[in-house]
Amino acid sequence: MGLLEYLRKAAKSEATVYTTFLQQYSKNDNSVHIFHEGKDDPSFYSNFIESKLRKNRKVFYYQSKNKNSVYHYYSKLNWSSYSKKRILFCVDKDFADILKITYPIDSNIFVTEPYSIENYLVNKNIYSRSLRELMGLENDKKNSVLTKGFKIGLESFYDASLFLSAYILLHRKANNPLNLQSLTFGDVFEMDEKFIVKKKEKYFKNIRPTDWC
């Protein structure tokens with residue numbers, strides 16, 4: 001292992017993340033500290049969180065390894081010494097409700113209502129705004145037509161992904177680890193010019209109980 005790779009792994013270790021938090025947290029200021037899952041999560045959370053705070057109030061983000069790590073940091077803190085108004089824990093719901101997995105509930109723990117934080121961004125309202133504000137489409141009628149097409153396509157994706165979701169749930173319930181890191185949209189789905197998504201029947205017919213394990 002090279003030095004650069006070693007440093008990258010060390011920076012993501014639980015001990016390093018927790019130590020960094022202890023170094024940056026102070027009872028004498030009003031800084032806010034956010035524990036989250038993925039490296040891209042701050043780009044989703046920051047606009048909303050920082051818009052609710054007064055100017056010049058520092059916000060620190062701590063990337064945890066996964067959802068369990070986020071809850072681990074929550075449980076590790078002595079809440080008689082730390083302010084829950086200044087430390088927030090953000091996690092994706094995932095399939096926790098379906099699998100009947102219980103996690104701590106508290107005023108400073110935010111859990112997404114849909115599957116993940118990205119689901120808040122992939123919807124017809126955000127799509128319509130993107131057409132108008134990012135693409136410069138000022139024609140409301142064209143915007144409406146495209147947005148309706150997007151909504152139909154999105155619903156078709158949800159329908160097409162039901163089988164894959166059921167497969168993932170089956171293995172999670174059986175505690176069988178799945179290797180989905182290299183799986184791409186194009187591997188299992190196809191999309192036509194109208195954004196309609198269908199699962200590749202040939203791929204799904206070949207799925208065996210041992211696939212991805």
Looking at Lys67 and Asp92, is any side-chain nitrogen of the basic one under 4.0 Å from a carboxylate oxygen of the acidic one?
no
Atom CZ of Phe189 and atom CG of Leu164: how far apart are they, to the nearest 0.5 Å?
5.0 Å
For Asn66 and Ser69, what are the C-alpha separation, side-chain angles and deciding distance, and is it a side-chain hydrogen bond (donor to acceptor under 3.5 Å, both in side chains)?
CA-CA 5 Å; Asn66 49 42; Ser69 292; 3.3 Å; yes
Criterion side-chain contact (heavy atoms from CB on, under 4.5 Å) on Tyr62 and Ile34, from CA distance to verdict
CA-CA 6 Å; Tyr62 306 92; Ile34 316 295; 5.8 Å; no
Atom CG of residue position Asn56 - does it have more than 12 heavy atoms of other residues, nucleotides or ligands inside 6.0 Å?
no
Determine whether a donor-acceptor pair (N or O, by modelled atom type, separation under 3.5 Å) exists between the side chain of Asn47 and the backbone of Phe44.
no
Residues in side chain to side chain donor-acceptor pair (under 3.5 Å) contact with Ser31, at least two apart in sequence or another chain
Asp29, His33, Arg86
Check the angle between the aromatic planes of Tyr103 and Tyr71 and answer parallel, tilted or perpendicular using the 30° and 60° thresholds.
parallel
Given the rule in the side-chain hydrogen bond (donor to acceptor under 3.5 Å, both in side chains) test, do Ser43 and Asp40 qualify, once you have shown the distances and angles that lead to the verdict?
CA-CA 6 Å; Ser43 63; Asp40 296 325; 5.5 Å; no
I'd like to know if the side chain of Tyr45 pairs up with that of Glu50 as donor and acceptor (distance under 3.5 Å, no hydrogens or angles considered).
no
Sole candidate of Lys58, Lys52, Lys85, Arg57 that passes side chain to side chain contact (heavy atoms under 4.5 Å, CB included) when paired with Val32:
Arg57
Can we call the ring centroids of Tyr82 and Phe21 under 6.0 Å apart?
yes
Is it the case that Lys76 places NZ or CZ above or below the six-membered ring of Tyr18, under 6.0 angstrom from the centre and within 45 degrees of the axis?
yes
Does the side chain of Ser128 pick up a donor-acceptor pair with the side chain of Asn125 at under 3.5 Å?
no
